[in-house]
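Here the structure is a predicted model, which means the values were calculated and not measured.
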Amino acid sequence: MWKKFSNADCISFIQQCHDDLTALCVNSCWRALWPELVNDFAGFPTVDEDVQHIQFARQVGGEGFHDLQEEEVQE
C-alpha cells in the first residue's frame with residue numbers, strides 16, 4: 001500500500017490534517033512551550049447565534065421577544 005503513496009497524497013493528507021486543527025488544539029499544544037504566545041480569544045459571537053437565541057426566546061415567550069425581527073439583530 002505505501003508503494004502507491006505519492007508526494008501528492010502526502011500533501012493532500014497534510015492539508016486535511018491542517019484543516020481539522022482548531023485554535024483550541026494549537027493553543028493547548030503551545031501553552032506548555034511558550035505561554036506568552038497562547039491566545040485564548042475564542043472569537044466574537046456570530047449573528048446566527050444571536051438569531052437562534054431570539055428564536056428560542058420567541059418559543060419561550062415573554063414581553064418584548066414576540067415582535068423582534070432578525071434584521072434588528074443584524075443592525
Side-chain angles (χ1 to χ4, degrees):
M1 175 168 179
W2 287 106
K3 291 181 181 181
K4 295 181 182 179
F5 195 75
S6 68
N7 287 342
D9 293 329
C10 180
I11 292 171
S12 175
F13 183 71
I14 291 170
Q15 180 183 5
Q16 289 173 2
C17 293
H18 180 267
D19 291 345
D20 290 341
L21 277 177
T22 63
L24 178 63
C25 179
V26 174
N27 284 338
S28 296
C29 294
W30 277 102
R31 189 176 313 276
L33 299 172
W34 197 356
E36 296 84 17
L37 180 72
V38 175
N39 181 356
D40 291 330
F41 179 69
F44 295 107
T46 64
V47 172
D48 294 334
E49 292 174 3
D50 293 335
V51 169
Q52 288 175 353
H53 290 180
I54 289 170
Q55 290 171 348
F56 178 71
R58 283 183 183 164
Q59 292 173 355
V60 171
E63 187 176 320
F65 287 110
H66 66 282
D67 62 345
L68 192 58
Q69 300 297 316
E70 291 182 25
E71 292 81 23
E72 293 174 313
V73 174
Q74 292 176 357
E75 185 179 296

Review point. Between S28 (side chain) and L24 (backbone), is there a donor-acceptor pair under 3.5 Å?
Key: yes
Review point. Are L21 and L37 connected in a single hydrophobic cluster, I mean Ile/Leu/Val/Met/Phe/Trp/Tyr linked by side-chain heavy atoms less than 4.5 Å apart?
Key: yes
**Study point:** salt bridge (Lys or Arg N to Asp or Glu O under 4.0 Å) contacts in which one or both residues fall within residues 5-23, not counting sequence neighbours
**Key:** none
Revision key, fill the gap. So the salt bridge (Lys or Arg N to Asp or Glu O under 4.0 Å) pairs with at least one residue in residues 23-35 (sequence neighbours excluded) are R31-D40
Exercise for review: Indicate yes or no: at least one non-hydrogen side-chain atom of I14 is less than 4.5 angstrom from one of C17.
Suggested key: no
Study note, to complete from the structure: Heavy-atom nearest pair, W30 first then V38, reads C-CG2, 3.8 Å
